[in-house]
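What follows is one structure encoded as structure tokens, with my remarks underneath.
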There are 2 protein chains.
Amino acid sequence: MSESPKPLVLLVDDEPQIRRLLTVALEANGYRVVTAASGQEGLSLAAHHRPAIVVLDLGLPDVPGQEVLRRLREWSNVPVVILSVQDDETGKVAALDGGADDYVTKPFNTAELLARLRVAMRHAVRQDEESVFQTGALVVDLANRRVTLKGQEVSLTVTEYNLFRLLVRHAGKVVTHRQLLREVWGPAAEEQTHYLRVYVGHLRDKLEANPSEPSLILTEQGVGYRLKS
Amino acid sequence: MSESPKPLVLLVDDEPQIRRLLTVALEANGYRVVTAASGQEGLSLAAHHRPAIVVLDLGLPDVPGQEVLRRLREWSNVPVVILSVQDDETGKVAALDGGADDYVTKPFNTAELLARLRVAMRHAVRQDEESVFQTGALVVDLANRRVTLKGQEVSLTVTEYNLFRLLVRHAGKVVTHRQLLREVWGPAAEEQTHYLRVYVGHLRDKLEANPSEPSLILTEQGVGYRLKS
DNA sequence: CCGCAGAGTAAAAATCGTGTAAAGGCCACT
DNA sequence: AGTGGCCTTTACACGATTTTTACTCTGCGG
């Protein structure tokens, strides 16, 4: 369990006084801090700085916080603690199920928030996750939803991209049919393996040098698919 | 990534109406539940049942909840969600730093508690130990369903892998014909010993240095097979 | 020496999984 | 209303896998 001495916190909140208060509290407790005042800025800083943890306010002026979380989770498993004025219960459940690691309601007690950040950090399995994946001539920029092949941008439809993203995030490992179907088409579609046949076909058409002899998206008969790592 | 279908929740709370309410809610959401009314009972049930998650009330009649948590953490990393009437902030911080994974204040919203339990379970799955078995030049990575021989990946069909995994799990011990057949082909096939002869043959072809003189998958005449450990 | 039982081998037959193409439906845009 | 893009659904052919069958080998006891 090796830690860089001072973990970096990304603080996304549009209220300047909250940013100031928390920056001081966090820095006094051995963190480094970068702040963002909007969702867009938060996402771009997250991709750029690779924080050890994110504190995210839900009430942002531009992108809804829920959406920021969703976008972030497309490529990162960084712990996210939600901060919100809304004590709205369905929002809490949605955020927690959407991949948030904790949810703290404003006004909050600073000592408690810090303790909850320590819990979230404890849970994190420090996995070096790259937001850019590369193999051969293929480059996938997960933070920006861009796929390029030999420098040429490849345009993927929403479903194609969602499926491909899942394979990329588990590059080298077998991803089972059920897992792919559950995450791309939802739990109700777990049995619809024909979706996979069709869409894996599309991806191979767009990405493989020779689609009829796949070297990138490999079939694991009876189990699932695996992306060459 | 092995999943048991219904995770077991240990619910430690001295108030019967809370136990009833939560038992109903949890069972309706696909959990199995065991309940304890005291700290002592909770600790003993935790040791005995190995729950997938613990919901622990802090205000117990015998042992202080904080102490229950400490004793539990001496031997277990099971996720613990604290439930408490005290909105006392220093108590929260102490519990979270004492190894609790979340802290919910009574009265609580059931949907939120359930969402927080899902978060805690999500965290626990990540740190599942990677079970890699190795003997000689053969490496079996059960978590990733990969078998390599002298660094070369060996591809096994679904049935071959299921059979081999069973032998690997009991490496060094004899696994009987009936047991192998029951677990791989189902209880109805317990008598079909010819399946084993065929598939053990396949595995030896793929994995043994000299398939006609097995040194890896050994025959125990009239009983079963054994994997060299 | 023969016959038998348990085990291994080989290959045919049956079944299942996969890739592919194409048709129909839905939606957004014009 | 028409068009284009995408998602869903269906049908079929092919290859891989599983199941079934038949045969061989070996060791043991009559």
Legend entry - Side chains of A:Val154 and A:Thr148 in contact at under 4.5 Å (non-hydrogen atoms): no

Inset, instruction - Provide, to the nearest angstrom, the distance between the CD atom belonging to A:Glu160 and the P atom belonging to D:dT8. - result: 12 Å

Inset, instruction - Classify the side-chain pair A:Tyr225/A:Thr219 by whether it contains a donor and acceptor separated by less than 3.5 Å. - result: no

Legend entry - Nearest-angstrom distance from the residue atom CD of B:Glu220 to P of C:dG8: 11 Å

Inset, instruction - Tell me what B:Gly222 touches on the nucleic acid: a base, only sugar-phosphate, or nothing, going by heavy atoms under 4.0 Å. - result: sugar-phosphate

Inset, instruction - Would you indicate which nucleotide in D:dC7, C:dG8, C:dG19 comes nearest to any side-chain atom of A:Arg204? - result: C:dG19

Inset, instruction - Round to the nearest Å and state the distance from A:Leu181 atom CG to C:dT18 atom C1'. - result: 14 Å

Inset, instruction - Return the value, rounded to whole Å, for the distance between atom CG of B:Asp205 and atom C1' of C:dT9. - result: 9 Å

Legend entry - d(CD, A:Gln221; P, D:dC14) in whole Å: 17 Å

Inset, instruction - Would you please confirm or rule out a distance under 4.0 Å between OP1 or OP2 of D:dT18 and any side-chain N or O of B:Tyr195? - result: no

Legend entry - Electrostatic pair A:Glu160:A:Lys206 at N-O distance under 4.0 angstrom: yes

Inset, instruction - Could you please name the option among D:dT8, C:dG19, C:dA10 that lies closest to any side-chain atom of A:Thr219? - result: C:dG19

Inset, instruction - Give B:His177 one of three labels, base, sugar-phosphate or nothing, depending on what nucleic acid heavy atoms sit under 4.0 Å from its own. - result: sugar-phosphate

Legend entry - C:dT9 phosphate, OP1 or OP2, under 4.0 Å from B:Arg197 side-chain N/O: no

Inset, instruction - Please determine if a side-chain N or O atom of B:Thr157 lies less than 4.0 Å away from the OP1 or OP2 oxygen of D:dT18. - result: yes

Inset, instruction - Taking only the side-chain nitrogens and oxygens of B:Thr193, find out if one of them lies under 4.0 Å from OP1 or OP2 of C:dG6. - result: no

Inset, instruction - Report yes if at least one side-chain N or O of B:Trp185 is closer than 4.0 Å to OP1 or OP2 of D:dT18; otherwise report no. - result: no

Inset, instruction - Check every strand shown and say whether B:Val200 touches a base, only sugar-phosphate, or nothing at a heavy-atom separation below 4.0 Å. - result: nothing

Inset, instruction - Let me know the distance between CG of B:Leu203 and P of D:dT17, rounded to the nearest Å. - result: 13 Å

Inset, instruction - Drop me the distance from A:Leu83's CG to A:Asp57's CG, to the nearest 0.5 angstrom. - result: 5.5 Å

Inset, instruction - Please state whether the phosphate of D:dT18, meaning OP1 or OP2, lies under 4.0 angstrom from any side-chain nitrogen or oxygen of B:Thr159. - result: yes

Inset, instruction - Over 60° means perpendicular and under 30° means parallel, so classify the ring planes of B:Trp185 and B:Tyr195, tilted if in between. - result: tilted

Inset, instruction - Provide, to the nearest angstrom, the distance between the NE2 atom belonging to A:His194 and the P atom belonging to D:dC7. - result: 14 Å

Legend entry - Protein-nucleotide distance (A:His202, atom NE2; C:dA21, atom C1'), rounded to Å: 9 Å

